Amino acid sequence: MVQYLLELDLAPLAPTCLVGAFFYIFVTNWPREKTWARSIACAFVLAVAMRYLLWRFFHTVLPHPVDGSFAFIWTWTVFCVELGAFADILLFLVVMSRSVDRSTEASRLERAFFARPEAQLPTVDVFIPTYNEPLDVLERTIVGALALDYPRDKFKVYVLDDKRRDWLKKYCEEKGAIHVTRPDNSHAKAGNMNNGLKVSSGDFIAIFDADFVPYRNFLRRTLPFFTDPTIGIVQTPQHFFNKDPVQSNLALEKVWPDEQRLFFDEMAASRDAWDVSFCCGSCSIARRAALDVIGGFPHDSITEDLLTTLAMLNKGYKTRYLNERLSMGLAAENLKGYFVQRGRWCRGGIQTIYLHNGPLRGPGLNLFQRVMFLPLSWLMQYTTRFVILVVPAVYLWTGAAPLYFTGSQDIVIYQLPVLTAYFLLMGWLTPTRYLPLVSSAVGTFATFRMLPVVISSVIKPFGVPFRVTPKGSGNEENAFDAYTFFSIAFWIAVTALGLIINIVPEWSRIGEGEFSLVSAYWAALNILVLLVAALICFEKSRPLLDSFATDEPARVAAGDRSLDARIVSLSLDRGVASFPTDPGLRPGDRIRIEMEHFPHIEARVEDVTSVRRRKPVCVRFSYALAGECRDAMIVRLYTGQYSQDIRDIDKSAIAQGLWHRLFGRDGTYGPA
């Protein structure tokens with residue numbers, strides 16, 4: 001064995017080892033929030049990528065005979081996709097080479113801003129645009145908005161109802177919000193908010209989608225930025241109080257963050273450092289004067305938020321990003337909503353390149369801004385993932401390699417260092433937001449539905465109506481995504497059969513080529529990623545209202561007894577109490593729960609865990625709150641005291657969870 005290892009030619013691994021050494025010796029010890037550290041790391045990865053791209057072009061593409069064969073066309077097609085992917089990665093590296101945390105600035109501005117007399121504070125209109133959301137979604141947003149920590153005579157809450165519902169009008173009147181309707185639904189959400197501008201007069205407009213609840217300190221943290229007259233919008237991140245379908249369907253609810261964390265926690269802050277951050281609609285606040293200058297919210301695109309940013313940039317205004325959790329909302333609750341939402345974002349982004357005020361033709365934009373607002377990521381991410389899937393299958397079935405003949409040794413020398421550098425950079429920049437297997441599987445899963453959206457948006461960008469993401473009660477569909485699943489199954493079968501037929505010499509479609517070994521590894525990795533992606537197709541049932549983890553001391557009255565407990569979980573209709581010893585409660589018992597800063601709860605015991613020695617006893621209870629008690633519970637739970645954030649990832653728990661989802665706890669395959 002020792003002799004075998006000594007005889008191995010390890011020279012091809014030298015570039016990869018150098019990449020690994022650079023990251024582990026230097027980069028991992030650098031402070032990732034410092035611009036100099038990020039710039040050096042990103043520049044290093046860019047240099048490694050450029051080395052690969054030059055080798056790829058001059059040694060594996062250009063030498064191919066210009067014979068018009070399928071192999072020639074395929075080689076150039078794959079290389080052109082790689083060029084697009086490289087451009088996308090180049091923009092990513094440029095953006096991520098900087099980052100800014102504006103929390104300290106926000107605190108300094110807040111102290112000065114609120115030192116002025118209350119009469120001098122600006123007025124704010126809170127817009128809640130809604131179309132078809134039910135009351136169980138809207139009540140949290142309306143009650144939370146009305147509870148904002150700001151002088152009550154200085155802000156108004158406008159519920160912009162594009163469905164013209166009488167019950168919602170009555171609810172708004174009871175709570176003190178202003179119910180606004182219009183005679184038609186022209187220009188969808190943008191038209192609805194423009195109608196809100198006509199009936200309101202506040203100096204600033206805070207926008208919350210119908211499913212987002214502002215934290216009480218939202219205005220205190222965002223308004224002070226507008227002391228700079230060039231600031232047109234302040235955007236804050238979007239956090240969620242439920243689990244998105246990817247987390248749920250992979251059974252990673254407690255160990256893997258929601259899909260949007262990479263953008264909101266990392267990329268948005270980096271874009272802000274370059275002055276190219278953009279409005280994401282909900283959880284933002286805009287200067288009315290700036291909206292007046294651009295003629296209100298633009299409605300040429302179905303993503304009015306992005307277009308609003310571009311329109312303001314055209315007029316010299318900037319967007320600021322404050323990376324603080326200042327609201328919570330509903331993530332897409334099932335796969336149908338997931339694709340409705342992402343499809344709208346994708347089409348809207350691509351639409352901007354066709355518009356007069358978009359990144360290509362918009363007046364007042366400099367070259368850097370034009371480049372940074374190109375929808376290159378939407379155009380390339382799904383195209384690239386699809387090509388990655390089909391390359392080994394095409395080779396195994398036709399013998400057409402994606403590159404002109406080269407040795408596997410060259411691939412190890414040039415391609416492996418790029419992949420290593422990129423994964424190590426992502427692990428350093430986003431240590432709690434990225435894992436290659438899970439991230440690749442999520443992207444692959446989305447590819448089969450999103451790539452057609454990309455293609456149709458390029459060919460016919462307009463004419464598709466605005467679709468609201470379905471939310472709330474009536475949206476509990478636990479469907480099986482047959483289209484995506486069978487698309488995944490098809491490519492697993494094609495790839496696996498391609499491997500099998502090339503094992504048997506009589507069936508083999510490829511010759512004795514060194515690319516064969518690389519393609520076999522590539523195909524096996526694709527199958528693994530596709531298997532994980534297939535799990536997302538199986539919807540898991542989940543509660544309409546996710547509970548918050550709490551740790552509140554409480555007194556529990558049961559009959560004539562009074563017991564000490566800790567409330568460890570709460571939602572608007574149920575909770576869990578932990579007792580140090582058996583409290584003697586049984587299902588069906590009536591109890592009264594008293595906590596500081598909470599309404600007193602009259603509840604019914606649902607079940608009691610079995611008593612174990614030296615273990616606390618957990619009692620589940622349910623209740624029905626109404627009126628002021630329910631509003632008080634909404635304010636307590638949803639406006640800043642608790643979160644559902646996953647601040648770190650447990651890689652071993654993720655691996656265990658995926659294993660159980662793939663093979664079941666009893667070792668049998670199944671989506672569980």
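What you are looking at is a predicted structure, and each value in this text was computed from that prediction instead of being measured.
Between the side chain of R287 and the backbone N or O of F226 there is at least one donor-acceptor pair closer than 3.5 Å.
A salt bridge does not link E133 with R140: none of the charged nitrogens is closer than 4.0 Å to a carboxylate oxygen. A salt bridge does not link D166 to K169: none of the charged side-chain nitrogens sits closer than 4.0 Å to a carboxylate oxygen. Salt bridge present: R182 and D162 bring a charged side-chain N and a carboxylate O closer than 4.0 Å.
The neighbour count for Y131 OH, taken as heavy atoms of other residues, nucleotides or ligands under 6.0 Å away, does not exceed 12. For E596, the CD atom is loosely surrounded, since the number of other residues' heavy atoms within 6.0 Å does not exceed 12. Heavy atoms from other residues, nucleotides or ligands lying under 6.0 Å from CZ of R620 number 12 at most. At most 12 heavy atoms of other shown residues, nucleotides or ligands fall within 6.0 angstrom of atom NZ in K156.
The CG atom of N217 sits 7.5 Å away from atom CD of E110, with the distance rounded to the nearest 0.5 Å. Rounding to the nearest 0.5 angstrom, the gap separating the CD atom in Q641 from the OG1 atom in T639 is 6.5 Å. How far CG of L160 is from OG of S200: 8.0 Å, rounded to the nearest 0.5 Å. Put simply, CG on D481 and NZ on K336 are 12.5 Å apart, with the number rounded to the nearest 0.5 Å. With rounding to the nearest 0.5 angstrom, the CD1 atom of I207 is 13.0 Å from the CZ atom of F212. Taking OH of Y623 as the start and CE of M633 as the end, the distance is 4.0 Å to the nearest 0.5 Å.
Both the sub-6.0 Å distance and the 45° axial angle are satisfied by R152 relative to the ring of F155. Annotation: cation-pi geometry satisfied between R220 and F114 (NZ/CZ under 6.0 angstrom from ring centroid, within 45° of ring axis).
Separation of the F339 and F445 ring centroids falls under the 6.0 Å cut-off. In this structure, F548 has its ring center closer than 6.0 angstrom to the ring center of Y638. Taking the six-membered ring for Trp and the full ring otherwise, F208 and F127 have centroids separated by 6.0 Å or more. Remark: aromatic rings of F263 and Y321 are distant, center separation not under 6.0 Å.
When each of L121, I285, D149 is tested with L219 by the rule side-chain contact (heavy atoms from CB on, under 4.5 Å), just one qualifies, namely I285. For the side-chain contact (heavy atoms from CB on, under 4.5 Å) test with W256, the passing option among L250, D244, L435 is L435; the others fail.
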- Task: Kindly determine whether F240 and Q260 satisfy side-chain contact (heavy atoms from CB on, under 4.5 Å), including the steps that lead there.
- Result: CA-CA 10 Å; F240 307 99; Q260 297 187 54; 3.5 Å; yes
- Please walk me through it: do K175 and V157 pass side-chain contact (heavy atoms from CB on, under 4.5 Å)? CA-CA 10 Å; K175 300 301 178 184; V157 175; over 6 Å; no
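When side chains are defined from C-beta on, Y215 does not count as touching R221, because their heavy atoms never get closer than 4.5 Å. Contact of the F621 side chain with the V556 side chain is not registered, since no non-hydrogen atoms from C-beta on lie closer than 4.5 Å.
Considering every non-hydrogen atom in both K189 and F466, the closest pair reads CB-CZ, 4.0 Å.
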